[in-house]
Asker: 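My questions all concern the structure below.
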2 protein chains.
Amino acid sequence: MNTKELTKELMEKISSNYYKDMKLPTEDMLMEEYGVTRYRVRKAIQNLVDIGSIYLVQGSGMYIKESHKDSIILSNTQGLVTDFPERKVESKLLNLEIQEADNSLAQEFKCKKSTPIYLLTRLRYLDGEPFSIEYSKYNKEIIPYLNKEIIESSVFNYVREDLGLTIGFADKVISSNKINKEQAHLLGLEENDPGLFINDTVYLANGSIFNISMVLYNYKRATLFDVANLK
Amino acid sequence: MNTKELTKELMEKISSNYYKDMKLPTEDMLMEEYGVTRYRVRKAIQNLVDIGSIYLVQGSGMYIKESHKDSIILSNTQGLVTDFPERKVESKLLNLEIQEADNSLAQEFKCKKSTPIYLLTRLRYLDGEPFSIEYSKYNKEIIPYLNKEIIESSVFNYVREDLGLTIGFADKVISSNKINKEQAHLLGLEENDPGLFINDTVYLANGSIFNISMVLYNYKRATLFDVANLK
DNA sequence: TAGTGGTCTAGACCACGCG
DNA sequence: GCGTGGTCTAGACCACTAC
């Protein structure tokens with residue numbers, strides 16, 4: 001059992017309330033139970049800490065935190081479909097076009113000028129109610145083909161599973177601002193209501209930028225979760 | 001040179017543009033240069049990745065990202081004073097009282113009922129302009145004494161340096177909502193303008209909760225930054 | 001294929017909490 | 001003082017990029 005498998009195993013045990021005293025077994029016990037070395041136990045444990053599932057106290061033990069399953073967990077958000085596996089996610093494509101990168105786009109994507117870029121807008125629903133509006137740009141040299149079907153399910157899963165690419169990380173800038181009349185209409189809100197915005201720049205594992213998005217979340221429905229390490 | 005010192009050293013070199021090709025030396029070179037083992041080099045590097053200073057590409061190298069020094073870096077925000085060392089941070093105490101924990105407060109703090117709790121409100125200025133309003137609660141059994149002077153500088157620094165306590169981590173829930181008339185007046189905004197909210201629960205390294213806050217940021221001035229690991 | 005970062009082993013010793 | 005997690009060493013081998 002490698003680190004990834006062990007992480008998954010522990011995540012499942014935690015979310016199914018297997019550890020009723022809200023404390024994990026000690027490192028030594030996990031090493032023994034799964035027949036792995038301390039390195040793997042600690043790596044898997046670190047993954048759980050990073051997503052806010054548990055916290056560690058030196059000399060004492062590893063404690064399970066309350067679940068934050070209704071929030072978007074910033075440190076590893078993989079898209080709505082993956083973030084909320086138990087809920088109904090639907091997407092409606094509002095606009096799709098291809099544009100050649102001008103200077104500004106080329107700079108954002110760190111690509112050559114006139115590289116083709118997909119521009120698209122999606123309205124996303126969670127449990128049947130409008131949840132977010134997504135204004136996305138994809139480098140077409142990396143993602144050569146997109147269609148309505150892919151866009152209305154999960155672009156990230158398509159990139160990973162069908163294109164076989166490895167997504168690396170995303171830079172996220174979070175802010176709040178007033179929404180306009182059109183956005184309000186789409187989300188079932190009023191003009192000038194608050195909007196929760198995330199500007200994403202998404203990198204493949206090889207360092208190239210394949211996606212830049214602005215996502216506007218319905219302020220009545222979306223909350224974000226993060227853990228800050230202050231040691 | 002231990003991991004902490006090496007991390008600091010590399011952070012300083014990065015922020016002073018020492019690495020002009022925007023790439024760090026290889027792990028082997030850093031091991032040699034600082035006379036440390038690979039373990040420490042990789043730990044220090046990981047710290048830089050976590051705060052979004054650099055990103056790593058297997059087989060290629062370690063690349064420096066654009067600085068996000070004007071955003072609050074969520075993964076290690078230590079309070080405004082520490083987050084913006086080059087800018088002027090001022091705080092005005094609006095309210096300070098002590099209250100015994102009722103059932104609800106006791107549950108939040110995981111403390112006994114009737115534990116004394118400090119309640120305080122601060123208006124915080126960045127470079128002379130109103131930046132945020134902070135509604136904070138501190139467990140008085142852990143932080144036995146607070147006064148105007150401490151509150152108007154940095155409570156976190158007081159906790160660390162004067163009380164000698166080690167802060168562990170903070171859970172953060174981020175949302176957006178309308179602000180009320182009083183909040184608008186304090187921040188120089190209009191009633192029902194958007195507000196960027198963070199609800200913090202802050203733990204000591206020993207696992208006890210010493211601080212719970214709601215912070216309302218001026219939506220025209222504050223942005224948050226985070227890196228999501230998607231591998 | 002050379003050079004880079006990623007995973008992993010098998011240990012040792014340290015720092016902290018808790019009884 | 002014992003048991004817990006934290007730091008660290010000195011290696012080995014793997015996976016990926018870039019040429």
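Quick note on labels: first sequence line is chain A, next is B, and so on, each numbered from 1.
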Asker: Between CD1 of Ile98(B) and OH of Tyr118(B), what distance do you get to the nearest 0.5 Å?
Answerer: 4.5 Å

Asker: Heavy atoms, side chains only, cut-off 4.5 Å: are Val173(B) and Leu224(A) in contact?
Answerer: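 In short, these two side chains do not touch, never coming nearer than 4.5 Å.
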
Asker: For the CG atom of Leu80(B) and the CD atom of Glu134(B), what is their distance to the nearest 0.5 Å?
Answerer: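 Those atoms lie 7.5 Å apart.
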
Asker: Out of Lys43(A), Arg40(A), Arg42(A), which residue meets the salt bridge (Lys or Arg N to Asp or Glu O under 4.0 Å) rule with Glu27(A)?
Answerer: Arg42(A)

Asker: Scan for salt bridge (charged side-chain N to carboxylate O under 4.0 Å, His left out) pairs involving residues 70-81 of chain B, sequence neighbours excluded, and state none if there are none.
Answerer: Asp70(B)-Arg87(B)

Asker: Quick check on DNA chain C: between Ala205(B) and Gly61(B), whose nearest nucleotide comes earlier from the 5' end?
Answerer: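 Its nucleotide being nearer the 5' end, the pick is Gly61(B).
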
Asker: Measuring from Lys8(B):NZ to Glu12(B):CD, what's the distance to the nearest 0.5 Å?
Answerer: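 The distance works out to 5.5 Å.
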
Asker: Taking any atom under 4.0 angstrom from a heavy atom of chain A, which nucleotides of DNA chain D are the first and last to qualify, 5' to 3'?
Answerer: dG3(D) to dT17(D)

Asker: Using the salt bridge (charged side-chain N to carboxylate O under 4.0 Å, His left out) rule, collect all pairs that involve residues 99-114 of chain A, keeping only residues at least two apart or in two chains.
Answerer: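 Passing the test, one end in residues 99-114 of chain A: Glu108(A)-Lys137(A).
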
Asker: Between residues 106-113 of chain A and DNA chain D, which residues have a heavy-atom gap below 4.0 Å?
Answerer: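 Nothing qualifies; none.
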
Asker: I'd like to know if the side chain of Asp50(A) pairs up with that of Gln46(A) as donor and acceptor (distance under 3.5 Å, no hydrogens or angles considered).
Answerer: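 Asp50(A) vs Gln46(A): donor-acceptor pair found between side chains.
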
Asker: List for me each residue that meets side chain to side chain donor-acceptor pair (under 3.5 Å) alongside Thr77(A), sequence neighbours excluded, and say none if there are none.
Answerer: Asp83(A)

Asker: Return the set of residues passing ring-ring contact (aromatic ring centres under 6.0 Å, His included) with Tyr138(B) (not counting sequence neighbours), or none when no residue passes.
Answerer: none

Asker: Please work out if Asn2(A) contacts a base, only the sugar-phosphate, or nothing of the nucleic acid, heavy-atom cut-off 4.0 Å.
Answerer: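 Here Asn2(A) touches the backbone only, sparing every base.
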
Asker: State which residues pass side chain to side chain donor-acceptor pair (under 3.5 Å) with Ser175(B); sequence neighbours excluded, sorted by chain then number.
Answerer: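 Per chain and number, Ser175(B) pairs via side chain to side chain donor-acceptor pair (under 3.5 Å) with no residue.
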
Asker: Looking at DNA chain D, which of residues 44-56 of chain B put a heavy atom within less than 4.0 Å of it?
Answerer: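 When residues 44-56 of chain B is checked for heavy atoms under 4.0 Å from DNA chain D, there are no hits whatsoever.
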
Asker: Can you measure Gln58(B) atom CD to dG5(C) atom P for me and round it to whole angstrom units?
Answerer: 10 Å

Asker: Backbone N or O of Leu204(B) within a donor-acceptor pair of the Ser208(B) side chain at under 3.5 Å?
Answerer: no

Asker: Identify, residue by residue, the members of residues 34-43 of chain B with a heavy atom below 4.0 Å from DNA chain C, and return them in order of residue number, or none.
Answerer: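 Output list: Arg38(B), Arg42(B).
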
Asker: Is there a side-chain hydrogen bond (donor to acceptor under 3.5 Å, both in side chains) between Thr7(A) and Asn47(A)? Walk through the geometry before answering.
Answerer: CA-CA 7 Å; Thr7(A) 304; Asn47(A) 291 337; 3.1 Å; yes

Asker: Please list every donor-acceptor pair under 3.5 Å in which a side-chain atom of residues 146-153 of chain B meets a protein atom from a residue at least two apart or in another chain.
Answerer:
from, atom 1, to, atom 2, distance (Å)
Asn147(B), OD1, Glu149(B), N, 3.1
Asn147(B), OD1, Ile150(B), N, 2.8
Asn147(B), ND2, Tyr145(B), OH, 3.3
Glu152(B), OE2, Leu93(B), N, 2.8
Ser153(B), OG, Glu149(B), O, 3.1
Ser153(B), OG, Ile150(B), O, 3.1

Asker: Tell me the ring pair (Phe, Tyr, Trp, His ring centres under 6.0 Å) pairs involving residues 51-83 of chain A, sequence neighbours left out?
Answerer: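 Found Tyr55(A)-Tyr63(A), Tyr55(A)-Phe169(B), Tyr55(A)-Tyr203(B), His68(A)-Phe225(A).
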
Asker: Taking Asn2(B)'s backbone N and O only, do any of them form a donor-acceptor pair with Glu5(B)'s side chain (distance below 3.5 Å, no angle check)?
Answerer: yes

Asker: Would you mind telling me which residue lines up with the more 5' stretch of DNA chain C, Tyr63(A) or Ser60(B), judged by nearest nucleotide?
Answerer: Ser60(B)

Asker: Mind checking Asn206(A) for me? I need base, sugar-phosphate or nothing, with any heavy atom below 4.0 Å counting as a touch.
Answerer: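 Answer is sugar-phosphate: Asn206(A) comes under 4.0 Å of backbone atoms only.
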
Asker: Mind listing the residues from residues 162-172 of chain A sitting with a heavy atom below 4.0 Å of DNA chain D? Number order is fine.
Answerer: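 None, since no heavy atom is under 4.0 Å.
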
Asker: Rounded to the Å, how far apart are Asp28(B) CG and dA2(C) P?
Answerer: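 One finds 16 Å between P of dA2(C) and CG of Asp28(B), rounded.
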
